[in-house]
Engineer: 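One structure coming up, written as structure tokens, with questions to follow.
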Amino acid sequence: MKYNIPRGTFDILPQTSYKWQFVMDSFRKIAASFGYKEITTPIFESADLFERSSGESSDVVQKEMYRFTDRKGREFALRPEGTAPVVRSYVENHLDVLSSRTKLFYIGPMFRYDRPQAGRFRQFYQYGIEAIGSNNPYYDAEVIALEMLWLNSLGLQNIRLELNSVGCPTCSAAYDEALRDFYRPQLPQLCPDCQKRFEQKPRRLLDCKVASCKALRQGAPSQLDYLDQPCAEHFAQVQAHLQAMNIPFTLNPGIVRGLDYYSHTAFEFIYEGLGAQNSLAGGGRYNGLIEQIGGKSIPAIGFAGGFERLLLALENEHIDFATCPKPQVYLICLGETARTAILPYLNSLRLWGIAIDFDPDKSSLKAQFKTADTVGARYALIVGDSEIEAKQLNLKDLQSGMQITLPLDNGQALQQFIAQNK
Ligand SMILES: [Zn+2]
Ligand SMILES: [Zn+2]
């Protein structure tokens, strides 16, 4: 019996896992420096949570959600996105009572039954930011700045921030009506999905990927012409904040976001080097979502991005952003007695935080030196029976060839030597 990985999933293998750790750690750092704290929610939630938040008619709920019934007949779903679970937790744990604003970030796998292609998987790893509690346009700019500064700091400079406002329920109704008027004469030429969306979610027609639908949207009315006074004022403030922060952006009224809960600001971070899957991250305001899933009316804004595409983009730009960790010390052991005697010393070194490796299946000096070279160790620690007897160790710097003798203590002498000779 031979088992294969499920379609649309991937293993993070040891030869690349350090890259994943690097980008995840680096995201944690930038989020912390903006005052965001990590939240981790379960991988599965009540299916109803996503149906209510994303909208019954959304592609996520209709086609992409991994739904299952547990042994007691309860309906669950593997989370297709991170915002609804965070908001569920926020409401359930009364985080609004603790503070008038809550700044959260998350990292973890999400699941969507989607057609796998480059940069798109059925299990994919996302990072996300949620600033909950304020409608201040400063926060729109803050979360956008966080992502832009982070991408730039990783070495990605050719990022385009596309910005839009999708208005509020009041003014978007007028816009929806204008869109229906625009599309009505062409209704028969639209794809079956768009024909279904026409009545309920005409804005979704703007992000249909079918070529004929794309062509038909030429000359469609812009949401930005339909914003009411408060929405227009908010959007102007967001732009003013971004300008003050020197974050460049372009307006794109075509950014509508796939999920129902967005209002006001919507944005995407585009990197052109990846073909069709060119969105590295996206988000927007969701002032209505918390109330929609049982909390108070509390405004919020956030975004999510995918680590897969980010890593592809870094690779595509040939950015050398992380190095594979190597052992600092490789132990070369000659003889059985020495090998047993050195074990407590090895453990002490490892407790001091020194990465030390050895291969008990290699016995000759030559084979062990060769392995030290293969694993890329900086130092070789050479020990035989006579060294154990003399309570001494030989350390060879494999870069310079310099060799020194150290006392066989609890590991402190070597720890100090390495700290001084980084
Ligand atoms: Zn409005
Ligand atoms: Zn369509």
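Computed from a predicted structure; not experimentally measured. Counting convention: from 1, in listed order, for ligands and their atoms alike.
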Engineer: If you stand at the Zn ion (ligand 2) and look out to SG of Cys213 and SG of Cys208, what angle do those two lines make, to 10°?
Structural biologist: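 Between SG of Cys213 and SG of Cys208, the angle at the Zn ion (ligand 2) is about 110°.
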Engineer: Verify the distance test for His264 against the Zn ion (ligand 1): any N/O/S atom under 2.8 Å, yes or no.
Structural biologist: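 It does not; every qualifying atom lies at 2.8 Å or beyond.
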Engineer: Measure from NZ or CZ of Arg309 to the centre of the six-membered ring of Tyr271 and say whether it is under 6.0 Å with the direction within 45° of the ring axis.
Structural biologist: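 Ring-cation test returns no.
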Engineer: Take atom CZ in Arg184; do more than 12 heavy atoms of anything else shown fall under 6.0 Å from it?
Structural biologist: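 Atom CZ in Arg184 is crowded, with more than 12 foreign heavy atoms closer than 6.0 Å.
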Engineer: Using the Zn ion (ligand 1) as the vertex, how large is the angle between SG of Cys231 and SG of Cys168, rounded to 10 degrees?
Structural biologist: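 Result: 110°, to 10°.
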Engineer: Would the Tyr226 and Tyr175 ring centres measure less than 6.0 Å apart?
Structural biologist: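 Yes: the rings meet the under 6.0 Å criterion.
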Engineer: Just to verify, which of Arg197, Arg112, Lys196 counts as forming a salt bridge (charged side-chain N to carboxylate O under 4.0 Å, His left out) with Asp59?
Structural biologist: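 With Asp59 as partner, Arg197, Arg112, Lys196 yield a single salt bridge (charged side-chain N to carboxylate O under 4.0 Å, His left out), made by Arg197.
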